[in-house]
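Chain letters run A, B, ... following the sequence lines, proteins first and then strands; every chain starts at 1. As a basis for the values below, the full set of heavy atoms in this structure was taken, side chains included, without hydrogen atoms, waters or symmetry mates.
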Amino acid sequence: MSKLPFSFYQNDDVNDLAVQLLGKRLFTRIDGQLTAGIIVETEAYKGVEDKASHAYGGRYTDRTKVMYENGGLSYVYLCYGIHHLFNVVTAPKETPHAVLIRGLEPLTGVDLMMERRGMSVLKPNITAGPGALAKAMGIDRLLNAKDLTGEEIWIEEAASDWQSAEIVAGPRIGVDYAADHALLPWRYYLKGNKYVSKPNS
DNA sequence: CGCCCGATCTGCT
DNA sequence: GCAGATCGGGCGG
């Protein structure tokens with residue numbers, strides 16, 4: 001066990017941190033049931049100056065307030081009324097940066113992930129995409145604002161064979177509304193991995 | 001208080 | 001390729 005420490009999440013360069021999260025292992029233990037996957041796709045959301053961020057312009061509400069906490073907490077919210085999306089809050093207190101986890105390669109508890117997804121045959125879309133992976137990992141709003149060094153949801157160091165995977169950067173997905181920030185290449189993924197939500201762009 | 005729409009996924013065409 | 005699902009947040013009145 002090599003859980004990432006509190007200090008890892010205090011980095012205030014959210015793009016650097018989004019890249020560093022690739023290859024690391026996300027775990028949840030829900031009702032005693034362990035599931036885990038390797039992070040293969042992330043997106044950086046750069047706080048108050050990023051038009052695609054929920055904290056753009058300093059917006060501070062019941063939903064977004066956790067983004068302003070110290071790095072190392074979860075930010076889970078409901079999107080389109082259906083999907084829960086999981087983010088890692090980063091940077092020191094008052095700097096509302098976050099990294100959206102968009103793709104995961106299943107590692108542990110795959111049978112349970114399939115059951116949660118209602119799948120009888122394992123296919124890459126089990127955890128390709130932020131809504132899909134949250135469902136597979138059992139992540140919902142009850143896991144919002146959790147300490148990522150705790151016992152319910154946490155991230156561990158990458159296995160050695162994942163530290164040299166090739167990384168690609170491209171525009172973020174589904175943020176056309178962010179106007180001149182929509183094309184910033186703040187999405188990162190492992191080249192060729194099956195569990196990346198969209199292979200191109 | 002009411003209206004609009006979203007960091008998406010699925011299934012049908 | 002595209003519409004529908006589904007509901008809470010955010011903002012204007």
Side-chain angles (χ1 to χ4, degrees), chain A residues 14-15 17-19 21-22 26 37 39-69 71 73-91 95-106 113-146 148 153 155 168-189 193-201:
Chain A
V14 68
N15 280 280
L17 202 132
V19 169
L21 283 171
L22 293 172
L26 175 66
I39 297 170
V40 301
E41 180 180 355
T42 60
E43 280 178 1
Y45 286 86
K46 197 173 180 180
V48 299
E49 63 192 84
D50 177 0
K51 290 181 183 174
S53 168
H54 292 163
Y56 175 62
R59 187 190 293 125
Y60 184 91
T61 65
D62 279 345
R63 181 173 69 151
T64 63
K65 63 186 179 186
V66 68
M67 298 177 78
Y68 292 79
E69 291 298 320
L73 295 176
S74 63
Y75 170 43
V76 179
Y77 75 97
L78 185 64
C79 189
Y80 295 102
I82 304 173
H83 307 290
H84 294 279
L85 272 60
F86 168 67
N87 296 252
V88 176
V89 173
T90 76
T95 301
H97 294 173
V99 177
L100 173 66
I101 307 301
R102 293 191 52 91
L104 211 60
E105 175 162 332
M113 291 189 189
M114 289 174 64
E115 187 181 323
R116 286 171 176 155
R117 295 278 284 125
M119 297 179 73
S120 53
V121 182
L122 181 60
K123 292 184 301 238
N125 69 357
I126 186 173
T127 46
L133 75 85
K135 188 166 186 190
M137 295 290 287
I139 295 170
D140 61 21
R141 85 186 101 185
L142 296 177
L143 284 187
N144 185 43
K146 293 294 183 184
L148 296 177
I153 181 165
I155 301 174
V168 185
R172 293 175 292 182
I173 305 293
V175 297
D176 295 347
Y177 62 88
D180 52 315
H181 292 175
L183 294 179
L184 293 171
W186 289 358
R187 171 177 177 241
Y188 305 97
Y189 57 95
N193 190 282
K194 286 187 295 194
Y195 298 92
V196 170
S197 63
K198 305 195 179 182
N200 303 310
S201 86

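For the segment residues 81-89 of chain A, the set of residues with a heavy atom within less than 4.0 Å of an atom of DNA chain C comprises A:G81, A:I82, in numerical order. Contacts between residues 95-104 of chain A and DNA chain B, counted as heavy-atom distances below 4.0 Å, involve A:L100, A:R102.
Using a 4.0 Å cut-off, some side-chain N or O of A:R63 falls inside it from OP1 or OP2 of C:dG10. Contact between the side-chain N/O atoms of A:T61 and the OP1/OP2 oxygens of C:dG9 is not found at any separation under 4.0 Å.
C:dC7 atom C1' lies 17 Å from atom CG of A:D62, rounded to whole Å. With rounding to whole Å, A:H54 atom NE2 is found 15 Å from C:dC11 atom C1'.
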Derivation of the side-chain hydrogen bond (donor to acceptor under 3.5 Å, both in side chains) call for A:Y195 and A:N125
CA-CA 7 Å; A:Y195 298 92; A:N125 69 357; over 6 Å; no
Derivation of the salt bridge (Lys or Arg N to Asp or Glu O under 4.0 Å) call for A:R187 and A:E41:
CA-CA 7 Å; A:R187 171 177 177 241; A:E41 180 180 355; 2.7 Å; yes
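Atom OG of A:S53 and atom NE2 of A:H97 lie 8.0 Å apart (nearest 0.5 Å). The NZ atom of A:K51 lies 3.5 Å from the CG atom of A:D180; values are rounded to the nearest 0.5 Å. Residue A:T64 holds its OG1 atom at 9.0 Å from NE2 of A:H54, rounded to the nearest 0.5 Å. Going from atom CZ of A:R63 over to atom OH of A:Y75 covers 4.0 Å, rounded to the nearest 0.5 Å.
With sequence neighbours excluded, the residues that form a ring pair (Phe, Tyr, Trp, His ring centres under 6.0 Å) with A:Y60 are A:Y68.
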Output the pairing pattern of DNA chain B as a dot-bracket string, 5' first, Watson-Crick or G-U wobble with both distances under 3.5 Å, | for cross-strand pairs, [ ] for crossing pairs.
||||||.|||||.
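Using a 4.5 Å heavy-atom cutoff, the side chains of A:V48 and A:P96 are in contact. Residues A:I173 and A:R102 are in side-chain contact: their nearest non-hydrogen atoms beyond the backbone lie under 4.5 Å apart. For the pair A:K46 and A:W186, the minimum side-chain heavy-atom distance is below 4.5 Å.
Note on A:A132: only backbone sugar-phosphate atoms sit closer than 4.0 angstrom, heavy atoms only; bases stay farther off. Note on A:R59: only backbone sugar-phosphate atoms sit closer than 4.0 angstrom, heavy atoms only; bases stay farther off.
Across B:dA7 and C:dG1, the matching P atoms stand 23 Å from one another, rounded to whole Å.
Salt-bridge formation is not detected for the pair A:R172/A:E43: no Lys NZ or Arg NE/NH1/NH2 atom is positioned less than 4.0 Å from an Asp or Glu carboxylate oxygen.
Of the residues listed (A:L17, A:V99, A:N87, A:N15), the one engaging A:T42 in a side-chain contact (heavy atoms from CB on, under 4.5 Å) is A:V99, and it is the only one.
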Output side-chain donor-acceptor pairs under 3.5 Å for residues 131-144 of chain A, partner residues at least two apart or in another chain, one line each.
residue, atom, partner, partner atom, Å
A:D140, OD1, A:L142, N, 2.9
A:N144, OD1, A:V76, N, 2.9

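Where A:N125 and A:L78 each meet DNA chain B at their nearest nucleotide, the meeting point lying more 5' is that of A:L78.
Contacts between chain A and DNA chain B, taken as any atom within less than 4.0 angstrom of a protein heavy atom, begin and end at B:dG6 to B:dT10.
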